[in-house]
Amino acid sequence: MKPMRRVKITVVMIILISAAAQTGRAEIHIGMRFGQRSVFDEAVRDAYGSGFVYQPFVRLTSRRSPLGLEVAYEGGYKKSADIGLFDEVGILRLWGVEAAAFLTRRFGPVVPYVKLGIGYYAYSQEIESGFIRLPVDQKQQSVLVGGGLDVILAGGLYLTGEFKYVPLEVAPHGIPVDLSGYRFVVGVGFGFDVLPGRRIREVD
Amino acid sequence: MEHLNALKRLAGAFFLAFLIGLIAFSAQDRSGDKISRRLRDSIAESGEESLFTAWVFFVDKGPNPAQRLEAVEASLKARALIRRLRHRGPENLVDAYDVPVYAPYVERLKARVHRIRHRSRWLNAVSLEARGRDLIELADLPFVLRLQPVGTSTWHDPVSEPKIQARKPIRPLDEYRLDYGDSRAQLELMRVPDLHEQGFSGKGILICMLDSGFNALDHQALDHLDIVATWDFVNNDPIVGDETGQMGTGSHGTSTLGALAGFYPGELIGPAYNASFLLGKTENTDWERHIEEDHWVAGAEWADEWGADIISSSLGYRYDFSHGESGYSWEDMDGDTAVVTRGANIAAGRGILIVNSAGNEGEIEFPLSTLIAPADSPMVLAAGAVDSAGRRVNFSSVGPTADGRIKPDVMAQGTAVRSAVPSARDAYGWVQGTSFACPLTAGVAALVLEAHPAWTNLEIMQALKSTASQADQPDNRMGWGVVDAVRAVAYSPTAFYPPAEFGVRRLENNYIFFIQYVDRLHWQKNPLNHGQAVKYRIYTRPAVERLQEYKMLVELDSTTFTYDNRGLLDDEAFTYKITAVDAEGHESPGAYTVSR
């Protein structure tokens with residue numbers, strides 16, 4: 001079995017265990033993070049560079065378990081650059097959907113967490129040229145790993161900051177391109193009990 | 001006020017010191033720049049006390065070189081004068097290339113170097129042997145333009161024995177007036193006997209052979225030859241055979257000469273057995289020869305002085321030299337970089353037809369070719385090797401040139417070639433290599449020139465290429481194909497010529513996630529058309545579709561142009577054809593190139 005597949009299976013198992021842990025006193029969080037993502041590939045970096053991303057997310061946590069679940073969308077990276085021999089305009093878009101399990105522990109108003117998940121990432125490159133013969137509009141699975149910090153403000157509202165790494169090596173036409181990269185994002189979240197009226201994470 | 005003045009003086013002194021430093025630094029930088037990177041690296045690697053062979057190029061030819069042109073013109077030998085009149089016209093008999101190197105420059109170098117090897121008026125340079133330390137000092141001389149290593153290489157002849165296969169004669173044995181013996185197949189392949197039957201034998205044509213030496217010139221197949229002059233450029237004496245204690249053995253030259261001009265009916269007849277010869281020994285070993293390009297350039301200048309019509313050179317300089325410090329890269333095989341190629345171009349500009357072996361290096365992964373210099377020159381007819389059935393033999397070097405031109409140009413038999421060997425006066429043997437395809441081709445060129453004495457070297461090249469066996473679909477393995485002597489003689493040189501130096505470069509168009517390719521075409525105005533061409537038409541077809549009609553891509557009115565057909569994939573190769581069109585709409589024959 002390939003190492004990446006083994007990692008993905010492990011991640012899915014963790015997500016499932018986390019889901020099982022949400023059996024009672026479940027809490028839902030919604031929020032939005034914004035920030036920058038980097039791209040490891042030198043050619044991509046030179047041409048397009050790092051870019052803005054936004055991440056709407058939904059979390060499911062439980063008061064009975066340190067494990068939680070998060071589903072997020074990552075979009076916003078859309079950059080253009082002059083590429084090729086003739087400096088034709090290329091537009092690169094990167095986006096994805098992620099599911100992750102996270103482990104959290106509360107220290108007063110500060111809630112650090114680490115997370116491990118799996119994502120379904122898409123990338124496309126459009127070039128303004130009449131000569132392009134090979135499309136770049138593909139999707140690929142990968143894992144993600146990250147960690148962050150929530151700072152609870154009041155009434156279920158909290159600030160959140162996160163660092164995340166996603167390895168993503170692609171080769172749509174045989175040439176390996178490393179779309180792996182880090183994300184540095186900050187945002188706000190709002191959590192509430194699944195049962196209406198019960199807010200969680202109130203400041204002690 | 002006093003303090004202010006002191007401050008001013010101090011600032012002035014600083015400024016002056018800065019200026020002096022700057023000038024000194026610039027001067028040091030300039031002298032460093034004069035030494036080529038390869039030579040600098042060699043000196044650093046081997047030490048400043050080691051001996052190096054280098055070219056020293058001069059900035060000019062001394063004061064008033066124009067005044068010396070008259071003396072140069074007056075000194076031209078009769079044959080050289082006739083050839084130049086034919087090729088360059090009376091107004092342009094000599095030019096700056098013909099002015100000798102300025103002697104005082106050479107004298108100033110002599111005191112500082114181990115030995116001056118050759119003076120090249122064409123390159124305005126001398127080749128010399130000197131210690132690394134002395135070479136670095138030479139760079140400081142104001143009249144020195146540049147220093148670079150003399151290119152060296154090891155020439156390989158094919159090592160396996162030729163397989164001799166009896167070939168069924170094309171015609172009955174008694175068909176010809178001459179009995180060709182075992183040399184019949186190599187001549188019939190090029191239809192040379194038909195020209196012999198018509199009375200052509202190379203008479204009146206002066207051919208200069210540059211080779212490793214010529215032993216046994218009293219061989220029964222060679223003793224009829226009119227040898228006008230000989231010179232050993234390695235040992236600087238007129239003896240081109242072996243000499244005790246000197247470098248070089250001469251079997252190879254004996255055999256190339258025998259293939260070209262041997263004449264002993266029943267055993268060996270060469271295509272141009274009645275031609276006259278200059279024999280230049282330019283290399284110093286035998287079957288695996290360490291060769292140096294300055295000898296070749298000196299030999300070519302010598303051939304020019306004597307008025308040679310043709311140079312047959314079974315030598316060449318590879319880019320993957322074992323002596324990497326003095327080698328050329330593959331990118332240098334662009335027809336205008338290697339010193340020996342530049343020398344060949346100047347020789348061709350004086351009307352000498354240069355036939356050079358393509359090389360015995362076989363095939364290599366595209367786009368790298370296995371050509372040897374000066375076969376990469378557009379002005380040199382590069383001869384590859386085929387067997388007696390006209391099939392390319394696997395050791396024959398392939399093109400393209402680094403700038404995308406098709407090479408070799410033509411093919412001749414290069415395996416199981418019958419020729420003289422120097423072991424005895426009546427000894428004959430089977431030899432192989434493009435070394436022997438070259439003199440066979442040069443022999444045919446001599447017959448064509450004999451038939452058409454007014455033709456220029458470029459016209460003869462054009463005739464040989466345009467009438468060869470695959471002239472309508474040339475490629476980088478066999479060029480325009482096997483030479484056809486009869487058709488070449490029948491060719492009409494008054495035709496309208498295609499553009500010259502038609503080549504293609506396949507460029508990578510990197511879109512990060514994938515690469516597409518662009519075939520960038522380039523060509524030059526053909527001087528043979530004397531300004532007749534007003535437009536150019538470019539055609540193409542997939543390289544593998546040899547039966548498909550060419551499709552016209554574009555018609556242009558510029559003399560040079562870059563055509564970009566973007567969006568090619570790696571495995572797509574195209575054959576391109578270009579024609580010239582005159583004001584009345586007449587279209588020239590095509591020049592061809594292929595993108596792989």
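Naming: A, B, ... by sequence-line order, numbering from 1 per chain.
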*Asks:* Taking the side chain as C-beta and beyond, is there a heavy-atom pair between A/Phe86 and B/Val518 under 4.5 Å?
*Replies:* yes
*Asks:* Let me know if B/Asn509 has heavy atoms under 4.5 Å from chain A in its side chain, its backbone, both or neither.
*Replies:* both
*Asks:* Hey, is CZ on A/Phe52 packed in by over 12 heavy atoms from elsewhere, all under 6.0 Å?
*Replies:*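 Result for CZ/A/Phe52: enclosed.
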*Asks:* Quick one: are A/His173 and B/Gln516 in side-chain contact, heavy atoms under 4.5 Å?
*Replies:*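 No - every pair of side-chain heavy atoms lies 4.5 Å or more apart.
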*Asks:* Return yes when atom CD of B/Glu363 has more than 12 non-hydrogen atoms of other residues, nucleotides or ligands closer than 6.0 Å, and no otherwise.
*Replies:*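 Yes, because the 6.0 Å sphere around CD of B/Glu363 holds more than 12 heavy atoms from other groups.
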*Asks:* More than 12 foreign heavy atoms under 6.0 Å from NZ of A/Lys78: is that the case here?
*Replies:*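 Counting neighbours around NZ of A/Lys78, 12 or fewer heavy atoms of other residues, nucleotides or ligands fall under 6.0 Å, so no.
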*Asks:* Take the angle between the ring planes of B/Phe513 and A/Tyr123 and call it parallel below 30°, perpendicular above 60°, tilted in between.
*Replies:*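 B/Phe513 and A/Tyr123: parallel rings.
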*Asks:* Atom CG in B/Asn510, atom CD1 in A/Ile83: separation rounded to 0.5 Å?
*Replies:*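 If we round to the nearest 0.5 Å, B/Asn510:CG and A/Ile83:CD1 are 8.0 Å apart.
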*Asks:* Please round to the nearest 0.5 Å and tell me the distance separating atom CD1 of B/Ile512 and atom CG of A/Asp41.
*Replies:*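 Spacing of CD1 (B/Ile512) from CG (A/Asp41) equals 7.0 Å.
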*Asks:* Report yes or no: does B/Glu508 contribute a side-chain atom to a donor-acceptor pair with the main-chain N or O of A/Leu85 at less than 3.5 Å?
*Replies:* no
*Asks:* Using non-hydrogen atoms only, which part of A/Ala47 is less than 4.5 Å away from chain B: side chain, backbone, both, or neither?
*Replies:*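 Answer is side chain: those atoms of A/Ala47 sit under 4.5 Å from chain B.
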*Asks:* Of the listed residues (A/Val136, A/Val44, A/Leu92, A/Val170), which shares the most heavy-atom pairs with chain B below a 4.5 Å separation?
*Replies:*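 Looking at each of A/Val136, A/Val44, A/Leu92, A/Val170 in turn, A/Val136 comes out on top.
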*Asks:* Report which part of A/Ile127 has an atom under 4.5 Å of a heavy atom belonging to chain B: side chain, backbone, both, or neither.
*Replies:* side chain
*Asks:* Evaluate side chain to side chain contact (heavy atoms under 4.5 Å, CB included) for A/Leu134 paired with B/Tyr511, printing each intermediate quantity in order.
*Replies:* CA-CA 10 Å; A/Leu134 300 172; B/Tyr511 290 116; over 6 Å; no
*Asks:* Can you tell me how far CD1 of B/Ile515 sits from CD1 of A/Ile175, rounded to the nearest 0.5 angstrom?
*Replies:* 3.5 Å
*Asks:* More than 12 non-hydrogen atoms from neighbouring residues, nucleotides or ligands closer than 6.0 Å to CD on A/Glu42, yes or no?
*Replies:*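 Counting other residues, nucleotides and ligands, CD of A/Glu42 stays at 12 neighbours or fewer.
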